[in-house]
Amino acid sequence: MTNIYAEHILDAYQLFHDGTLALAEAEQQGMRVSVEYIKKKSKQIDHKITKLESVIYDSEFFRNWQNYSKSKVNIYSPKQLEMYLYTCLKLKAKKQTKSGHGSTDEESLAQLNIAELDTFLEIKKLKKLKDTYLDGFLREQIDGFIHPFFTLHLVKTYRGASSNPNFQNIPKRDKESMKTIRGALFPRIDYQLLELDYSQLEVRIAQAYHNDPTMLEYLETGHDMHKDIAVQIFCLKEYDATIHKELRQASKGAFVFAQFYGDYYKNCAKNLTTNWCKLPESKWKSGQGIIVGDEHISDLFIRSGITSYAKFESHLEKIENDFWGNRFPIYDRWKETWWRAYQRDGYFLSKTGFLFTGVMSRNDATNYPVQGAAFHVLLWCLIQATNELKEYKMKSKIVGQIHDAIVMDVCPTELDDVVAMMKRIMEKKVRKHWSWINVPLKIEAELCPVNASWAEKQEYKI
DNA sequence: GGAACTCGCCAC
DNA sequence: AAACGTGGCGAGTTCC
């Protein structure tokens, strides 16, 4: 083991040494925030919260809770809420927490259909934005700049982490939250924010490990795997982008990626049913669930003989078996042999030369080397870009990293050069450095107008 | 009064 | 056989 490690230790060490220096520069650069905007938004949100709180405090629901409680009720205490809902009111918890208590998360509260709880969820969402993001930025900013930290020593997969404030979990999917929070983040005066992110980086890096020929074809041709899987899951005769876009999203998020991470059909079925199709976990009737084209999704399923949740589950079991058994059998076999080798040796190396040791589950052992190496590709590019920006005496700066994406603050006169440089580094140069990367790499870009906040990001064709 | 815990939620 | 991975962080709570 010592010898195997020694062959790679210097490469791995050098990457993190150089990476630490490059990330330290990004930290030093930081990102501009509008203190004025944050204070204003923070106040607005406080106001909204106070108003919504009074709706709850004036309700029968709350008065009853306070009567039941021995001490002053704190609505934000999950423990008190759990007691009131599931012990006092004897409501049935949708699910349990890890330690066996009735859950009070969003999903659990939403399905109780209590107006006050809907208001409560609305408050919690606003509080999250204010406490974690707005207040966090304000606390961390100095002279109108935040300087998120980027570390390389905390994550067991050898990814990076970020803190004070965390640059890697800024709201994005929820449009309203995105606008509220990213509206506080700005480029330097007369600069513009540019984000370059790899498409499907982990899927592409996994190829270097498993070498599955079908996956290779998908990645080389750019054929749409998620479309193909959506056709299977939803029994479509033909995929129509105008009608079935949502279904493609669903199969991508709740089946394909879940499968790659090691999930299995029962979880996928549940997630697809409740979160995507909005169908019950029981028998399905005509006119239920989300609308697809000119009909409800339950009708689509019923037409194909899937008339209940139970039938959908076994339908997905078949698709899972087909997915691994027929579509990606080589990938499947790699998982098994990789897992066996780890069980035999007690360790493994990533393609990037990092040593993984310790107790790992089967999913851990197959996920970690991919997740780590994918990040290392990004990190190598970040180091290269830092050096080249310096070498060419450019004014544009790297300000952060989000696992498979680099965020830059770009001087507009350099925009074309920066984009060309990043494309060259991230799609070509890194493949020269690491010839084990055996599929094309692709990046996509998002750009904000000059002086506009991060909320103004738009797709930018490159 | 701080450390360590649970729970929940944001990102990839 | 097993049953999706990695973080940071806030509030509430409990322990010492």
Side-chain angles (χ1 to χ4, degrees), chain A residues 71-83 95-109 120-121 123-137 139-140 148-174 177-178 180-182 195 197-203 206 253-271 316-317 320 335-336 339-340 343 356 360-372 374-375 378 400-407:
Chain A
S71 53
K72 191 167 161 30
V73 167
N74 177 353
I75 60 170
Y76 301 111
S77 159
K79 216 178 156 199
Q80 293 183 33
L81 184 55
E82 183 226 332
M83 275 293 267
K95 57 185 178 187
Q96 309 299 118
T97 66
K98 212 172 158 190
S99 60
H101 294 100
S103 172
T104 58
D105 69 1
E106 185 182 0
E107 187 193 355
S108 307
L109 298 189
F120 176 72
L121 289 174
I123 296 174
K124 287 256 293 201
K125 194 165 190 168
L126 292 169
K127 266 181 90 68
K128 169 85 180 171
L129 295 183
K130 181 185 172 335
D131 295 342
T132 303
Y133 299 105
L134 296 180
D135 290 355
F137 293 165
R139 186 181 60 244
E140 295 295 338
F149 293 4
F150 295 96
T151 52
L152 294 176
H153 63 290
L154 292 171
V155 182
K156 53 185 167 184
T157 62
Y158 298 107
R159 256 195 188 181
S162 171
S163 63
N164 306 99
N166 186 345
F167 190 69
Q168 297 177 320
N169 70 348
I170 298 171
K172 181 172 192 175
R173 287 165 206 161
D174 183 289
S177 306
M178 187 282 277
T180 305
I181 303 307
R182 296 192 182 222
E195 183 169 343
D197 72 298
Y198 274 114
S199 45
Q200 311 168 290
L201 185 59
E202 284 189 21
V203 174
F255 186 81
V256 177
F257 281 137
Q259 289 288 330
F260 287 157
Y261 282 130
D263 207 355
Y264 81 130
Y265 70 93
K266 285 199 182 196
N267 285 339
C268 297
K270 191 166 205 165
N271 192 3
L316 268 199
E317 185 181 11
E320 181 180 274
K335 285 197 191 186
E336 187 58 28
W339 168 237
R340 285 274 163 81
Q343 285 185 307
F356 290 71
M360 286 177 253
S361 72
R362 186 193 159 105
N363 282 342
D364 291 343
T366 49
N367 284 331
Y368 289 3
V370 176
Q371 190 182 102
F375 170 66
L378 190 280
Q401 158 268 125
I402 315 172
H403 308 305
D404 65 356
I406 292 174
V407 181

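Atoms considered below: every heavy atom in the structure, side chains included; atoms not considered: hydrogens, waters and symmetry mates. Below, read A as the first sequence line, B as the second, and so on, with proteins coming before strands; counting in each chain starts at 1.
Between the side chains of A:Ser361 and A:Asn363, not a single donor N or O lies within less than 3.5 Å of an accepting N or O.
Residue-to-nucleotide proximity on DNA chain C shows that, of A:Tyr368 and A:Tyr265, the 5′-proximal contact is made by A:Tyr265.
In this structure, CG of A:Asn271 is placed 18 Å from P of C:dA3, rounded to the nearest angstrom. One atom, CG of A:Asn267, and another, C1' of C:dG5, lie 13 Å apart when rounded to the nearest Å. One can place CG of A:Leu134 at 16 Å from P of C:dC9, the figure rounded to the nearest angstrom. Taking atom NZ of A:Lys127 as the reference point, atom C1' of C:dG12 lies 11 Å away to the nearest angstrom. C:dG10 atom P lies 12 Å from atom NZ of A:Lys130, rounded to whole Å. Following rounding to the nearest Å, A:Leu152 (CG) and C:dT6 (C1') show an atom-to-atom distance of 14 Å. If you measure from atom NZ of A:Lys266 to atom P of C:dA3, you get 14 Å, rounded to the nearest angstrom. A:Gln401 has its CD atom 14 Å from the P atom of C:dG7, to the nearest Å.
Ionic pairing of A:Lys270 and A:Glu107 is not present here: no N-O contact between side-chain nitrogen and carboxylate oxygen is shorter than 4.0 angstrom. Classification of A:Asp174 and A:Lys125 as a salt-bridged pair holds, one side-chain N sitting under 4.0 Å from a carboxylate O.
Within the 4.5 Å cutoff, no side-chain heavy atoms of A:Leu81 are placed close to those of A:Ile75. In this structure, A:Ser163 and A:Thr151 have side chains that are not in contact, with every pair of non-hydrogen atoms separated by 4.5 Å or more. Taking the side chain as every heavy atom from C-beta outward, A:Lys95 and A:Asp105 approach each other to under 4.5 Å.
Of the candidate nucleotides C:dG12, C:dG5, C:dT6, C:dG5 has the atom nearest to the side chain of A:Asn367. For A:Arg362, whose side chain is taken as the heavy atoms from C-beta onward, the closest listed nucleotide among C:dG8, C:dG10, C:dA1 is C:dA1. The nucleotide whose nearest atom lies closest to any side-chain atom of A:Arg139 is, among C:dT13, C:dA3, C:dG10, C:dG10.
Under the side-chain hydrogen bond (donor to acceptor under 3.5 Å, both in side chains) criterion, A:Asp263 pairs with A:Asn267, sequence neighbours left out.
Contacts of A:Asn74 with the nucleic acid, taken as non-hydrogen atoms under 4.0 Å apart, involve only primed sugar atoms and P, OP1 or OP2. Using a 4.0 Å heavy-atom distance criterion, A:Gln80 is classed as a sugar-phosphate-only contact. A:Tyr76 comes within 4.0 angstrom of sugar-phosphate atoms only, judged by non-hydrogen atoms across all strands, and of no base.
Within the structure, every side-chain polar atom (N or O) of A:Ser361 is placed at least 4.0 Å from both OP1 and OP2 of C:dA2.
The closest donor-acceptor contact from the side chain of A:Glu320 to the backbone of A:Tyr265 lies under 3.5 Å.
Scanning both residues, A:Gly400 and A:Phe150, for their nearest heavy atoms gives CA-CZ, 3.5 Å.
A:Tyr368 and A:Phe356 have tilted rings, their planes meeting at an angle from 30° to 60° on a 0 to 90° scale.
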Between N or O atoms, less than 3.5 Å apart, protein on one side and nucleotides 14-16 of chain C on the other: list the pairs.
| from | atom 1 | to | atom 2 | distance (Å) |
| --- | --- | --- | --- | --- |
| C:dT14 | OP1 | A:Lys79 | NZ | 2.2 |

Nucleic acid footprint by protein, nucleotides 5-12 of chain B - heavy-atom cut-off 4.0 Å, B for base, S for sugar-phosphate alone: -SSSBBSB
